[in-house]
Structures are given as C-alpha cells and as structure tokens.
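Heavy-atom basis, side chains included; hydrogens, waters and symmetry copies ignored.
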Amino acid sequence: SMGLEGARAPSKIRLGGLCPPNNLRRPSSRVFTVEEMMPYVQHLKGAHSKNLFLKDKKKKGFWLVTVLHDRPINLNHLAKKLGVGSGNLRFADEAAMLEKLKVGQGCATPLALFCDQGDVKFVLDSGFLEGGHDMLYFHPMTNAATMGLRPDDFLRFLKSTGHEPIVVHFDESDK
C-alpha cells in the first residue's frame, strides 16, 4: 500500500508554492467547516479563524470578516457595528467569492486578499490582536490546509495587499 505519505503527496505539491512547509498542517481528509477542522488543529497553540464572505444587500460592497473560530456571529449586530444598517448584511454567493477572492465555497481566507482589486473590505476580530497569541491560523486558499502566521507578519501581509483591517471589538457578552 502507498501509505499516508504517498496519499498526501499531491496536496504537498499543490500547496508547496503557497506556504512554508514547516507552518503547514494537513488533515488527512478534506475539511469544510471550522467544527470539522478543529480536531486536527486544536493542538496548535494560537488563534484559529472562521471566515465569512458577506455583501451588503444594497450590493454596494463586499466584506471579508475573520473572527475567532468559536465566536458566534449575529449578522444584524455586525451590520450595526460596521454602519451598514441592521438587516443589510448577507452571505455573498460563491460566484462573487470566486470573482473577488479567487476561492470557492468554504475556502474564504484573508490570505486571498491579495487577489482583491479593492472591492472587499476586511474586518478583523480584535481578539486576534489582543489575545497575546503567538500564531494566527488561516487557510492558504484551500481549506484542506492550515497556515500559521505571527500577528505582525499577518498585519504586514494585509498592508501589502492594500487592506487596512477594520478591527471590531465584539462585546464580552457576545462570547
């Protein structure tokens, strides 16, 4: 039999260009939800992310929202915090995600912001910056892998893509 290493080789090649190999953790099967992913990555010390790709109903803009993986999100509360008016935020469809970020359903990631031509605003949970985390974990364009970045490197990356994060402080009561 090929063994695990042989079975994983294709993903190693596909992701090799995107990530430093020592920062990469590959679950053995494709994952689609944060809940399914956590057993594979919870041993990694740091902050894990959950990503929502949203649009406002008036179609005036797109928002990539990155929050701590266990943060419950109420779109109406978030809309008010972002000043787009309660009831105006909804999930963008996959076609929009593919067009703006070049990633498919379930693969939204701030690491895709380098594909954006200026149409997507980036919203970051303040918990990533204030939690004293050594590492922040995101998908590198595919949710079959996880990549770790130091907070200052992550902020440097964002700046290089022209995205100034809109840092949202979620109320303690939202936790």
Side-chain angles (χ1 to χ4, degrees), residues 11-12 15-54 61-84 89 91 97 100-101 103 106-116 118 120-175:
S11 68
K12 207 167 269 176
L15 299 171
L18 292 169
C19 320
N22 60 335
N23 273 354
L24 203 54
R25 301 289 183 276
R26 271 178 225 81
S28 55
S29 59
R30 185 146 169 75
V31 269
F32 290 99
T33 67
V34 170
E35 289 70 27
E36 286 166 351
M37 183 182 77
M38 287 316 292
Y40 294 110
V41 295
Q42 59 198 6
H43 63 284
L44 300 174
K45 293 275 179 283
H48 292 273
S49 60
K50 171 166 72 178
N51 302 283
L52 315 173
F53 188 56
L54 308 171
F62 292 91
W63 305 80
L64 178 64
V65 180
T66 295
V67 297
L68 295 173
H69 76 93
D70 52 1
R71 172 92 64 203
I73 290 295
N74 176 313
L75 290 188
N76 285 338
H77 291 171
L78 182 59
K80 280 185 204 144
K81 283 181 190 294
L82 297 177
V84 296
L89 275 186
F91 285 95
M97 201 185 296
K100 304 296 180 192
L101 297 180
V103 292
C107 296
T109 169
L111 301 182
L113 285 167
F114 70 86
C115 298
D116 171 46
V120 180
K121 295 190 177 78
F122 179 56
V123 177
L124 185 66
D125 187 331
S126 62
F128 284 102
L129 304 178
E130 294 169 358
H133 302 292
D134 292 337
M135 297 290 274
L136 311 180
Y137 291 98
F138 308 101
H139 293 316
M141 310 298 282
T142 162
N143 63 11
T146 295
M147 181 181 178
L149 287 172
R150 291 189 177 79
D152 52 343
D153 289 335
F154 178 57
L155 291 173
R156 202 170 299 130
F157 166 79
L158 288 175
K159 194 160 279 175
S160 77
T161 69
H163 292 81
E164 197 57 54
I166 300 161
V167 178
V168 170
H169 295 256
F170 291 88
D171 304 324
E172 294 302 308
S173 59
D174 284 354
K175 275 186 184 156

Testing the basics here: between A47 and F128, what is the closest heavy-atom pair and its distance to 0.1 Å? CB-CD2, 3.6 Å
Kindly write out the residues that satisfy side chain to side chain contact (heavy atoms under 4.5 Å, CB included) with E164, not counting sequence neighbours, or none if the list is empty. K159
Check step by step if side-chain contact (heavy atoms from CB on, under 4.5 Å) holds for F91 and L54. CA-CA 4 Å; F91 285 95; L54 308 171; 3.6 Å; yes
Which value, rounded to the nearest 0.5 Å, describes the distance between F170 atom CZ and S126 atom OG? 7.5 Å
Closest approach of H163 and L113, non-hydrogen atoms and distance? CE1-O, 3.3 Å
Begin from the C-alpha positions of F122 and V120 and carry the test side-chain contact (heavy atoms from CB on, under 4.5 Å) through to its verdict. CA-CA 6 Å; F122 179 56; V120 180; 5.8 Å; no
NE2-CZ distance between H133 and R150, expressed to the nearest 0.5 angstrom: 15.0 Å
With side-chain contact (heavy atoms from CB on, under 4.5 Å) as the criterion, how do V103 and F53 come out once you've worked through the C-alpha distance, each side chain's angles and the decisive distance to 0.1 Å? CA-CA 11 Å; V103 292; F53 188 56; over 6 Å; no
Just say parallel, tilted or perpendicular for the rings of F157 and F114, cut-offs at 30° and 60°. perpendicular
Interatomic distance, R71 atom CZ to H69 atom NE2 [nearest 0.5 angstrom]: 10.5 Å
Mind checking whether F138 and F154 have parallel, tilted or perpendicular rings, split at 30° and 60°? parallel
Contact check, side chains of V168 and L82, non-hydrogen atoms, under 4.5 Å: yes
Side chain to side chain, W63 and V84, heavy atoms closer than 4.5 Å: yes
Criterion side-chain contact (heavy atoms from CB on, under 4.5 Å) against V65, the qualifying member of D125, L89, L78: L78
Rounded to the nearest 0.5 Å, what's the gap from NZ on K81 to CG on N76? Could you check? 13.0 Å
Under 3.5 Å: donor-acceptor pair, side chain of T66, backbone of L124: no
Using the rule given for side-chain contact (heavy atoms from CB on, under 4.5 Å), can you reason through L155 versus L129, listing the C-alpha separation, both sets of side-chain angles and the distance that settles it, and then say yes or no? CA-CA 10 Å; L155 291 173; L129 304 178; 4.1 Å; yes
Could you tell me which residues satisfy side chain to side chain donor-acceptor pair (under 3.5 Å) with D153, sequence neighbours excluded, listed by chain and number? R156
When every non-hydrogen atom of A108 is compared with those of L64, the smallest separation belongs to CB-CD1, 4.0 Å
If every non-hydrogen atom of P165 is compared with every non-hydrogen atom of L158, which pair is closest and at what distance? CG-CD1, 3.9 Å
Just so I know, are the side chains of D116 and T161 near enough to count as touching, which here means a heavy-atom distance under 4.5 Å? no
